[in-house]
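This report concerns only the one structure given below.
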Amino acid sequence: MKYSVFVISVFAGGSASAFAPAAFKTITRQDSTPLFAVKTKSDPSPSTSSRLKRTTPLIDWAKDNDIKVGGIEIVASKNAGLGLYSTQNLSANDIVIQVPTKLTLSVESPTDYNAAMEKNLFSSDPKAYRNSPWWTALSIQLNYYDKVDSVNQLAGGVDIKPWIDSLPRAYDTPLHWSESSLDELQYRPMMEAVALQKRVWRKQYDDLVAASKEFSSRISYDDFVWGCETARSRAFSGAYSGSAFNPIPYATVTALVAVYIGLGIGTVEQAANGAALVICGSILKDFVIPKLLKAQKYVICPLIDMANHVGMGATGNVAFEYFSDGFSLSALDPGVQQGKEMFISYGPRNNDQLLQYYGFVEQNNVHDVYILPPIRQWNIEALEDACGRKVGSGRLEKLDRAGLLGFATNNLNTNTEAANSIGGVVLTRATGIDPAVIQALRALMSTDDEWDDSGEAIGNFAAEVSPANERAARTAVRRAMEMELESKATTIEEDENLLKMYKEGKSVDNEEVLAVLFRLEKKKLLQEAIRSMI
């Protein structure tokens with residue numbers, strides 16, 4: 001899958017509801033219709049063509065291992081890599097792929113127990129594996145089956161080599177870009193996020209090497225990074241809900257109740273109480289306790305992981321089927337027309353996340369964000385000129401104590417999900433500027449009378465103080481966004497012209513195209529926000 005998440009977000013790294021049981025609806029296929037097919041649409045890139053060839057053994061492997069597929073095919077295209085396309089009109093709830101759970105790779109967080117990994121790679125220190133972040137644990141699994149032994153004993157001795165071989169072998173994400181290419185993003189938060197990612201991933205690998213000679217002798221840092229990128233881009237996640245349905249406890253308790261009553265050992269009420277305890281225990285184990293422990297499960301699922309992402313208007317849904325113990329991909333309402341690609345949603349991913357971990361940019365992404373510098377770095381004099389007001393004494397100090405000016409220095413953490421280490425001002429396409437920022441600017445640009453009337457309390461600026469104050473606050477934030485847009489090395493029009501040149505056939509690296517696409521989307525988001533403040 002070119003873009004993979006975890007949406008169950010599908011981990012590709014969202015929505016827990018995707019683990020809900022899904023109703024099965026059979027798709028009728030003629031006997032002459034292949035279980036699964038591959039074909040080319042347009043002229044795919046060399047790397048995509050190579051992957052497409054490697055899907056032929058995957059298809060045979062899927063047939064041999066009870067993966068049910070119908071009404072869908074793998075298609076390679078020039079700009080989108082591999083994807084899943086419908087071979088017939090699909091209605092809502094039609095299931096096109098079903099994969100037994102045993103054939104997937106999965107990790108439970110915060111602690112994962114995997115006998116094969118611990119025995120073969122971390123026998124000297126099992127906790128090094130158990131306590132790893134989910135993406136590290138999945139990287140270890142992927143590399144084990146790729147480099148050490150492709151037979152998955154947890155799946156009953158199934159050789160998963162055809163599936164592992166079908167995975168991408170390289171990723172065009174900013175992690176691999178040069179510093180000059182990163183500069184072309186014209187966006188400091190992304191550059192900082194990639195730098196943090198490099199530090200954290202290197203430390204994770206070094207810690208594993210220090211913990212295990214078996215690991216260090218078999219898996220290089222480049223191998224580890226490949227596994228991490230595969231996990232980050234192809235896994236889906238959701239709240240862990242225990243194991244699949246197991247009928248044995250229920251059948252056993254039914255038989256025991258019958259014997260208990262039949263032999264006159266006890267009363268019907270006593271037998272019912274015993275049966276109730278067993279049933280409640282099963283419910284607690286499968287649903288209640290995992291939720292109380294806030295357990296998460298991350299899964300990479302063969303074939304389903306080839307579904308591509310769309311921010312809005314997904315036509316496919318990934319679900320865990322409790323009673324059949326498997327994962328399915330089904331069509332969402334209103335269905336999928338024959339010949340159209342089936343998209344899933346990786347969750348509300350902004351373009352920072354999509355580019356950093358999946359290697360693509362979504363145009364007009366409804367979930368996109370822009371992180372402006374923190375207020376403490378804004379040009380206060382320029383804001384005063386724009387508003388026709390002076391910032392009075394005491395305002396900045398109060399805002400600083402309230403934590404509304406951002407950080408004076410980078411907040412050095414190891415959370416690779418966060419790209420705002422300086423406490424910058426967050427702007428989203430969905431909701432606009434952070435309301436706390438408007439509150440801060442009402443206080444910052446207040447007159448002495450307004451400041452005195454508020455009791456010099458920032459909290460009293462949570463709502464509009466006066467029309468004049470509100471105009472000043474909105475003018476200030478608009479001017480700050482204008483200056484941010486003006487600071488870019490290229491304009492929106494120049495970026496649009498560059499993309500036109502690329503489409504007309506100018507030879508250019510993919511990362512250069514991605515950098516221009518990314519920065520153009522950020523500038524468009526800024527421009528929209530500026531217009532909303534007029």
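Starting from 1, each residue takes its place in the sequence as its number.
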Determine whether E521 and N365 satisfy the following criterion, side-chain hydrogen bond (donor to acceptor under 3.5 Å, both in side chains), listing intermediate values before the conclusion.
CA-CA 8 Å; E521 288 301 308; N365 185 347; over 6 Å; no

So T173 and E229, side-chain hydrogen bond (donor to acceptor under 3.5 Å, both in side chains) or not? Walk me through it.
CA-CA 9 Å; T173 60; E229 291 203 279; 2.6 Å; yes

Go through E512 and Y502 one step at a time and tell me if the side-chain hydrogen bond (donor to acceptor under 3.5 Å, both in side chains) criterion holds.
CA-CA 10 Å; E512 186 175 344; Y502 298 156; 2.8 Å; yes

Using salt bridge (charged side-chain N to carboxylate O under 4.0 Å, His left out), reason through E214 and R218 one step at a time and then give a plain yes or no.
CA-CA 6 Å; E214 299 107 312; R218 294 174 172 178; over 6 Å; no

Go through it in stages, so that I can follow the logic: the residues are I219 and L121, the test is side chain to side chain contact (heavy atoms under 4.5 Å, CB included), and I'd like the CA-CA distance, side-chain angles, deciding distance and then a yes or no.
CA-CA 10 Å; I219 299 173; L121 291 179; 4.2 Å; yes

Applying side chain to side chain contact (heavy atoms under 4.5 Å, CB included), run through V361 and L354 and close with a yes or a no.
CA-CA 6 Å; V361 174; L354 293 177; over 6 Å; no

Is there a salt bridge (charged side-chain N to carboxylate O under 4.0 Å, His left out) between D495 and R519 once you walk through the steps?
CA-CA 8 Å; D495 288 342; R519 73 195 192 206; 3.0 Å; yes

Using the rule given for side chain to side chain contact (heavy atoms under 4.5 Å, CB included), can you reason through L84 versus E73, listing the C-alpha separation, both sets of side-chain angles and the distance that settles it, and then say yes or no?
CA-CA 6 Å; L84 298 177; E73 64 185 349; over 6 Å; no

Pair V148-N120, side chain to side chain contact (heavy atoms under 4.5 Å, CB included): steps then yes or no:
CA-CA 9 Å; V148 181; N120 296 299; 5.5 Å; no

Let me see the working for N350 and D368 under side-chain hydrogen bond (donor to acceptor under 3.5 Å, both in side chains), right down to the final yes or no.
CA-CA 4 Å; N350 58 54; D368 209 4; 5.7 Å; no

For R202 and D207, what are the C-alpha separation, side-chain angles and deciding distance, and is it a salt bridge (charged side-chain N to carboxylate O under 4.0 Å, His left out)?
CA-CA 9 Å; R202 184 76 229 189; D207 288 347; over 6 Å; no

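For the pair S106 and Y298, the minimum side-chain heavy-atom distance is 4.5 Å or more. Residues I72 and V336 are not in side-chain contact: their nearest non-hydrogen atoms beyond the backbone lie 4.5 Å or more apart. No side-chain heavy atom of V69 sits less than 4.5 Å from a side-chain heavy atom of V96. For the pair M190 and Q356, the minimum side-chain heavy-atom distance is below 4.5 Å. Annotation: side chain of P302 is in contact with side chain of V99 (closest heavy-atom distance under 4.5 Å). F327 places none of its side-chain heavy atoms less than 4.5 Å from the side chain of I97.
Side-chain contact check for T431 and T428: at least one donor-acceptor pair (N or O, by modelled atom type) lies under 3.5 Å. Between the side chains of S180 and D183, no donor-acceptor pair is found at a separation under 3.5 Å. Side-chain contact of D159 with S150: a donor-acceptor pair under 3.5 Å is present, judged by distance alone. Between the side chains of T101 and D325, a donor-acceptor pair is found at a separation under 3.5 Å. For the 3.5 Å distance criterion, the side chains of S328 and E321 qualify, holding a donor opposite an acceptor. Looking at W226 and N143, their side chains never bring a donor and an acceptor atom within 3.5 Å of each other. Judged purely by distance below 3.5 Å, without hydrogens or angles, the side chains of E108 and Y113 never pair a donor atom with an acceptor atom.
Residues Y129 and F215 place their aromatic rings such that the two centres sit no closer than 6.0 Å.
Listed by chain and number, the residues in a ring-ring contact (aromatic ring centres under 6.0 Å, His included) with Y221 are Y205 (sequence neighbours excluded). Listed by chain and number, the residues in a salt bridge (Lys or Arg N to Asp or Glu O under 4.0 Å) with E511 amount to none (sequence neighbours excluded).
Rounded to the nearest 0.5 Å, atoms SG (C301) and CD1 (I67) are 7.0 Å apart. One finds the CG atom of L82 at 9.0 Å from the CZ atom of R54 (value rounded to the nearest 0.5 Å). Here the straight-line distance linking atom CZ of F360 with atom CG of N510 works out to 12.5 Å at 0.5 Å rounding.
The two atoms that bring I140 and S132 nearest to each other are CD1-OG, 4.4 Å, heavy atoms only. Residues W135 and C228 come closest through the heavy atom pair CE3-SG, 3.7 Å. Heavy atoms only, all atoms of each residue included: A331 and S91 are closest at CB-O, 3.4 Å.
Residue K198 places its NZ atom among more than 12 non-hydrogen atoms of other residues, nucleotides or ligands, all under 6.0 Å distant.
One N or O on the side chain of S139 and one on the backbone of F224 form a donor-acceptor pair closer than 3.5 Å. Counting only distance, with no hydrogens or angles, the side chain of S178 and the backbone of S181 share a donor-acceptor pair below 3.5 Å. Here the side chain of Q153 pairs no donor or acceptor atom with the backbone of A116 at under 3.5 angstrom. A donor-acceptor contact shorter than 3.5 Å is absent between the side chain of T55 and the backbone of S166.
A salt bridge between D223 and K147 is present, with a side-chain N of the basic residue lying under 4.0 Å from a carboxylate O of the acidic one.
Partner of L105 under the side-chain contact (heavy atoms from CB on, under 4.5 Å) criterion, out of N152, T230, L154: N152 alone.
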